[in-house]
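Take a look at the structure set out below.
The basis for the numbers below is simple: all heavy atoms, side chains too, and nothing from hydrogens, waters or symmetry mates. Reminder, nothing fancy here: chain letters follow the sequence lines and each chain counts from 1.
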Number of protein chains: 2
Amino acid sequence: MTTINDIAQMAKVSRTTVSRALNNSGYVSEDVRKRIMKIVEETGYMPSQSAKSLRTKRSGVIGIILPRLSTETSTRVVNGINEELAKEGFQILLTDTELNKQKEIEYIRLLKTRHVDGIILLATNVNEELIKAIHNIDIPVLAIGQELPGVPSLVYDDYHAAADLTNMLIHKGHERIAFIGVTHDDPSVGGLREQAYRDKMKVNGLEIQETWIGQGDFSIESGYEQMKSILKRSKGQEPTALFAVTDRMAIGAMEYLKEQGYTIPEEMAVVGIGASALSKYITPSLTTIDYHNKDAGKKAAELLLRQLKNEKIDKKFELTYRLIMRNSV
Amino acid sequence: MTTINDIAQMAKVSRTTVSRALNNSGYVSEDVRKRIMKIVEETGYMPSQSAKSLRTKRSGVIGIILPRLSTETSTRVVNGINEELAKEGFQILLTDTELNKQKEIEYIRLLKTRHVDGIILLATNVNEELIKAIHNIDIPVLAIGQELPGVPSLVYDDYHAAADLTNMLIHKGHERIAFIGVTHDDPSVGGLREQAYRDKMKVNGLEIQETWIGQGDFSIESGYEQMKSILKRSKGQEPTALFAVTDRMAIGAMEYLKEQGYTIPEEMAVVGIGASALSKYITPSLTTIDYHNKDAGKKAAELLLRQLKNEKIDKKFELTYRLIMRNSV
DNA sequence: CTGAAAGCGCTTACAG
DNA sequence: CTGAAAGCGCTTACAG
């Protein structure tokens with residue numbers, strides 16, 4: 001491999017000068033610069049990032065920690081991040097926790113040893129150890145999806161999104177609304193969305209039967225199973241609508257309902273959150289919330305980049321959402 | 001940051017010894033090893049990968065070049081790769097070409113400067129410059145999805161998959177089968193799949209009207225538009241079935257057909273390739289081919305790893321597929 | 001405007 | 001079994 005020394009020799013200058021020419025730092029006469037650049041072109045020389053990063057403590061790489069690569073949400077966010085980062089010449093180092101909390105923490109430290117300049121964490125839970133790990137490494141971290149104490153966080157407006165959805169169902173005349181949520185370890189998806197549902201039911205004077213409440217695990221299959229259980233449990237006081245906190249679970253529920261011969265939305269209205277491609281093309285099309293995940297990714301990248309430039313940024317950013325009315329209601 | 005020198009000092013040994021203990025290379029007395037490991041634990045020391053990689057020329061990072069992150073196919077492949085690589089402690093550096101051929105080449109060289117140990121390329125086209133770029137960098141490269149001359153390639157069996165699909169439609173009694181393909185710059189998806197369709201029609205004595213042939217760009221929208229054009233163009237000799245080379249385009253086509261009041265499969269049978277989640281949940285569910293993308297990713301990682309261990313591997317591997325019969329036929 | 005020298009944090013012959 | 005020394009390929013004060 002050609003190194004900076006080779007270039008220096010060929011250009012008959014010191015490697016100091018080559019470095020300066022390459023990085024546009026310090027003075028280099030126009031003559032010499034041209035001579036160097038020509039040789040760089042010809043040889044196709046590219047500086048070793050390892051050496052560079054060892055020396056400068058910066059790598060041009062941003063680490064991403066995500067819960068699952070195989071969800072549309074993650075993909076869209078990563079897409080947005082990448083688009084923004086690529087513009088500035090940054091690369092992405094990807095790690096996938098497979099929803100394992102321990103790995104989340106491991107990866108934070110691992111990314112540090114790889115000298116990433118910053119980390120974007122698609123957070124799925126909040127716990128002491130995680131927060132501590134983040135504070136212990138002293139590189140900028142940005143969280144998406146959960147509000148992490150002391151960590152700049154980009155969050156979706158889960159509460160209001162879920163509240164809007166619940167209100168909408170109520171205004172459509174539904175009084176018995178079932179709910180499929182997820183574990184409260186996930187404060188945003190599990191906590192906030194359920195809280196909003198419960199609050200709005202209460203505010204509207206509607207009582208919730210606990211038989212209407214199910215807990216899934218984000219998968220389509222769990223939506224199917226939970227819908228089944230809910231229907232079984234609530235014989236005689238069956239719900240007329242279902243609010244599932246993710247599109248995938250809503251779609252699983254719809255599968256079960258269709259199998260059982262329910263008409264949607266007449267006999268059971270269904271709503272989800274996420275605006276997945278599935279939600280659009282399934283029959284009937286699913287009413288859902290668009291969180292603009294790609295924009296979230298872009299915003300996250302932008303905020304991280306600003307941190308890298310030592311700008312001060314706020315600790316919390318709230319994203320907007322959009323209710324998409326379709327045929328499942 | 002704590003470095004190997006700090007550890008050496010604290011353990012009262014040389015950094016040579018620390019390095020040996022950490023890497024299990026050479027002799028270290030049990031005593032000393034324990035002393036060192038204890039301190040490593042306590043301090044949470046992690047060796048700088050930049051330094052390591054500068055010295056050893058290896059980084060523990062594999063570069064991935066993919067055409068689009070936001071497709072299920074890519075996601076599944078990356079997932080499989082990651083799963084396999086993570087086991088061996090490798091990380092993934094991700095680059096997205098956005099279907100730009102120039103970027104494909106750029107990224108190959110860029111990944112090299114980042115000292116990746118190998119590259120997996122989800123290839124969408126084959127051209128001289130690309131092949132040259134791959135041969136010029138001397139790190140192992142593995143291609144998925146296209147057969148690249150001289151490069152170990154993992155390919156789907158596009159020809160037979162498409163042939164099976166075509167034959168199946170013919171055996172169901174269809175004689176007028178429309179086709180939505182993509183550019184032949186993509187030899188696998190654009191070339192092979194179309195070739196198989198044409199061959200099987202011919203073998204079965206069926207004539208193809210060129211008005212039945214459309215060319216999309218992988219998007220759902222393009223499937224919609226192409227179906228529309230095909231129907232417009234072929235008035236009087238409308239097809240009774242459609243073979244779209246990807247699920248997404250098939251689904252776009254179905255949307256148009258549904259809008260126009262066609263019943264599927266009675267008035268128009270539709271098949272795709274890809275076994276996307278969408279294909280399963282759309283109504284009617286789509287007959288398609290499962291390429292086992294995740295397994296492909298795993299296999300790719302495994303092959304690359306074997307190359308890294310200097311094992312000789314074959315230049316070409318063909319993957320299996322599975323026809324999934326559903327309700328769109 | 002240019003260069004010599006030090007040093008980033010590791011690993012690896014080599015010597016003992 | 002252990003250590004001193006060299007070197008990987010860069011950048012950056014410092015000096016001129």
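One atom, CD of Q9(A), and another, P of dG3(C), lie 13 Å apart when rounded to the nearest Å. The interatomic distance linking K12(A) (NZ) with dG3(C) (P) rounds to 12 Å, in whole Å. One atom, CD of E30(B), and another, P of dC1(D), lie 10 Å apart when rounded to the nearest Å. Going from atom CD1 of I4(A) over to atom P of dC8(D) covers 14 Å, rounded to whole Å.
Nucleic acid contact class of T3(A) (heavy atoms, under 4.0 Å, all strands): sugar-phosphate only.
Base-pair partner of dA13(D): not found among the strands shown (Watson-Crick or G-U wobble, both distances under 3.5 Å). Applying the Watson-Crick and G-U wobble criteria (two distances, each under 3.5 Å), dA4(D) pairs with nothing in any strand.
Neither OP1 nor OP2 of dG9(D) sits under 4.0 Å from any side-chain N or O of Y45(A). K57(B) has no side-chain polar atom (N or O) that falls below the 4.0 Å cut-off from OP1 or OP2 of dT11(C). S48(A) has no side-chain polar atom (N or O) that falls below the 4.0 Å cut-off from OP1 or OP2 of dG9(D). Within the structure, every side-chain polar atom (N or O) of N5(A) is placed at least 4.0 Å from both OP1 and OP2 of dC10(D). A sub-4.0 Å separation between OP1 or OP2 of dG3(C) and a side-chain N or O of T16(A) is absent. Between S29(B) and dT2(D) there is a side-chain N or O to OP1 or OP2 distance below 4.0 Å. Phosphate proximity of dG3(D) to Y27(B): absent, as no side-chain N or O sits under 4.0 Å from OP1 or OP2.
R20(A) contributes a side-chain N or O that forms a donor-acceptor pair with the base of dG3(C) under 3.5 Å.
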